[in-house]
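Letters go in sequence order (proteins before strands), and every chain restarts at 1.
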Amino acid sequence: MRTPVLVAIREYLENIRTKGFWIGVMLFPVLILIAVQAPRFLEKATPVRALVLVDQSGLFEEAIEQVLARDFTKRRSIAFARYFEKHLAPGSTYARKRDRHKERSLEEVPASALNPARAEELMDTLEDFSPQMLDLLGTEAAWRQQLAAADRFLAPHRPAFVNPEPRFRRVPLPSGLDPGAPAAELVQGLRPYLLGEHKLAGSGKDRELFAAVIIPPRVREPKLLAVLGGGAGPAAGGIEYWSTNLADSDLSSLIERAVNEEYRRLEYEKQGLDAATVRKVQKAHLPFQTMSPRKAAGKEEVSAADVIRQYAPIAFVYLLFIGIFTISQMLLNNTIEEKSNRIIEVLLSSVTAGELMMGKLLGIAAIGLTMIGAWIAALFAVLALHRGPEAEFVDQALGVLVTSNLLPLFAVYFLLGYLFYAGIFLAIGSICNTLKEAQNFMGPMLMLMMVPLVTMFFIPKDPNGTLATVLSWIPFYTPFVMMNRAAADPPLFDQVGTIVLMVLSTALVLWLAGKVFRTGILRTGQPPRLLEVVRWLKGPA
Amino acid sequence: MTTAALVLDGVTKNYGSFRAVDELSLEVPTGSIYGFLGPNGSGKTTTLRIVLEILKPTRGTVAVLGRPSALEVRHRIGYLPEEKGLYKKMKAWAIIAYFASLKGLDRRTARARAYELLDRYGLEAFREARTEALSKGMQQKVQVLASIAHDPELVILDEPFSGLDPVNQEVMEEVIRDLARRHRTVLFSTHVMQHAERICDRILLISKGRKIFDGTVPEARRRIPRRVRIETADDIAPLTARPDVSSAVLLPPDDGAEAAAQDGPGAHRWELEVAEDADTQAILEACFQNRIRLKQFDHSEPSLHDVFVKLVGADAREAGRR
């Protein structure tokens, strides 16, 4: 046992110094950091979108202006909630309240315009159920009042609150364009602005025209509506939204909703219905609760944590995949290095091929465990750094990780999957002289390996269905698919049976790989044909 | 002589229908330097691999340090393969220590040995250098040191001189002599005869997998007739008439036409084959008596090179064409 350990130590020390290892280690924490930080960063980094609105019908301009104003009010309120939280005077009533909230879960914290964790949610509710409140909050007087009211809770020496930039700003039609011209002509004139060839008049960095909305004069005519209602063909004569950025649909959906709400209101009026009553009826709402029979009686309500628990395995499958293939690749590279450098011959005068193989497997497994350990540590570190009422999701994710069996299962499937694939990669490495030759074998392997990545997102939707069950019993996929299903309590037969099968097939793969390894490792010249490899497998070791 | 460090008996290795080693038997006495000579493709490396049990022989037996299996005594053997490679990213001392520890040394001793050897053979400045940063010659030295760091009783070196400059070739010879002085057995293969001639106690010459010669260097020399080389413009008939000169062969000009022109017209180089017991001084006297003006008279013993060319030249050329 001494020799394999020596080989393993060398493999470990050598690989831990490689760039590949450190990239592998850093990749995951960086990804989590990005995932946590990106939304906030994007929010700050997105420039103010300039919008040109030409309403030739004269019906919707006011409604659109209104939603743009509400959007800004929401944004300002959320920003103020953050500001309030950050600059709360220690010891004030609010600060004490906040500290109490930190101990509770998200559902228990009361929604408040001054609580950053729930301000956004509150604003959305306001917009849906009483937009007038938002309009009121948006007035200058109400705003000053709020600032004044907050003042006594805040630390005396704090920077003044700075209004956030609005997401969207309406700009006038560029000079020289006639607002009464036909849509086609207007678009012709706006096109260079939309394409970024012309800048808008004025100074500052927001001089790109982001979008133009053109509402033709006779947009409400029934004949036209019939055509539009059919949904076929281009919306000639309908409302046109022009923009080069098709990915960011926030503005277009905002306007579409505003226009249609206003349009419906006009239609109700035309039918002689009271718009306020209709709105009230429209907002009527029966509570709808998702429950799970798996949970204890009285606690069947599905919480955010349950959803996290359901989807967390996807992240683990992904980690499993990256982990296993990063280190199997290392194993392949090392084996080929030893072979092409002919170090193998000196090694084989000191160790047997079996000892060498075992040492390599152990050393690289240690590398893999180090990497995974670093990932999990990084995960906890990042999550812990982002705790607090604002990152309630993070708290719950932490809770799920600590309380569920996901981590131990991950370790088991990682080891089994690694040994299984490592055996195959070792055998490939032993019969190839260069990485290029190995790539010929790797192609089909990669195809085979892509399957769990493709099914990763489908399996949680039907975790104990036929596809999932069948894939679980194929050793190539067992670790990934069973990890995928881990949250859904698969039948005990599947859980135990697949692990037994996996252990057996891993042993078989390693045994066969050992035979190929012993013969292949000293071979030079062309890689052998498949038939020849099969002959080695049949022959004595 | 004590018991042999290595005994091969009737070892044969077939690769399909190709016979790489054919009924080879040999005995390497303990404490000797044993040269394993032969042209390219003659089966030297295959034989060494069989000795080390990296390959299994088709037939025949091997006894290494008195044991039937080299793996049993692998901690007492050092091996330098023909194709030399090192882990590129490892430091010089670490690679020596690693191989020594694989051979049973504990890590601390292995490290101390690595430093000691690097210092002794002029590589103290490169202890911490990664092997990829070393020149080819230095890499090879490191490799040799790695193969002897555990102080093995039997050292097997496959083509240890190839790729080394003349200075380092001498260092390599010194390494081998050092080992022999400490009663280690060294078996090395080469196709460069000068090294074998200088340092070997015994040599074995193989060609096409078959043993051609096995014995000491003087014994090898005696395998070809004694010769005298002379260079003269005069008629050598009086010499060929002597009973102790059996034949005379005209050799091609030595240094090209230019040298021949300086020597004056008609200077020829001859090789006279002489009887085993011939007195070369008498032949020299005969030259004077017969007014044969000599530009050169060479009665040195045949070199191992001559022996090699004579014994395996035809095979080697044939192998080269294959």
| task | Just give me the residue among Val351(A), Asn334(A), Val7(A), Thr3(A) that pairs up with chain B most often, heavy atom to heavy atom, under 4.5 Å. | result |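 Max contact count across the listed options: Val7(A).
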| note | Turns out that what part of Thr352(A) lies under 4.5 Å from chain B's heavy atoms comes down to both
| request: Heavy-atom distances under 4.5 Å only: say whether Ile344(A) touches chain B with side chain, backbone, both or neither. | output: neither
If you count the non-hydrogen atoms of other residues, nucleotides and ligands that lie under 6.0 Å from [atom1] in [X], is the total more than 12?
X: Tyr318(A); atom1: OH; result: no
X: Arg107(B); atom1: CZ; result: no
X: Arg108(B); atom1: CZ; result: no

| said: Could you report the tightest heavy-atom contact between Val346(A) and Gln143(B), atom names first, then the distance? | reply: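 In terms of heavy atoms, the two residues are closest at CG2-NE2, 4.4 Å.
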| remark: In terms of heavy-atom pairs under 4.5 Å with chain A, the winner among Leu55(B), Leu71(B), Leu86(B) is Leu86(B)
| Less than 4.5 Å apart, any side-chain heavy atom of Arg10(A) and any of Leu102(B)? |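 They are not in contact (no side-chain heavy atoms under 4.5 Å apart), so the answer is no.
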| said: So Ile343(A) and Phe99(B), do their side chains get closer than 4.5 Å, heavy atoms only? | reply: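 When only atoms from C-beta onward are counted, Ile343(A) and Phe99(B) do touch, with a gap below 4.5 Å.
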| So, the side chain of Arg74(B) versus the backbone of Ser349(A): is there a donor-acceptor pair under 3.5 Å, distance only? | no
| query | Heavy-atom distance under 4.5 Å to chain A: side chain of Ile54(B), backbone, both or neither? | reply | both
| message | Quick check on Tyr79(B) against chain A: is it the side chain, the backbone, both or neither that has a heavy atom closer than 4.5 Å? | response | both
| Should the pair Glu345(A)-Arg49(B) be classified as a salt bridge under the 4.0 Å nitrogen-to-oxygen rule? | yes
| Going from CE on Met90(B) to CZ on Arg17(A), what distance comes out if it is rounded to the nearest 0.5 angstrom? |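 Met90(B) CE to Arg17(A) CZ: 7.5 Å, rounded to 0.5 Å.
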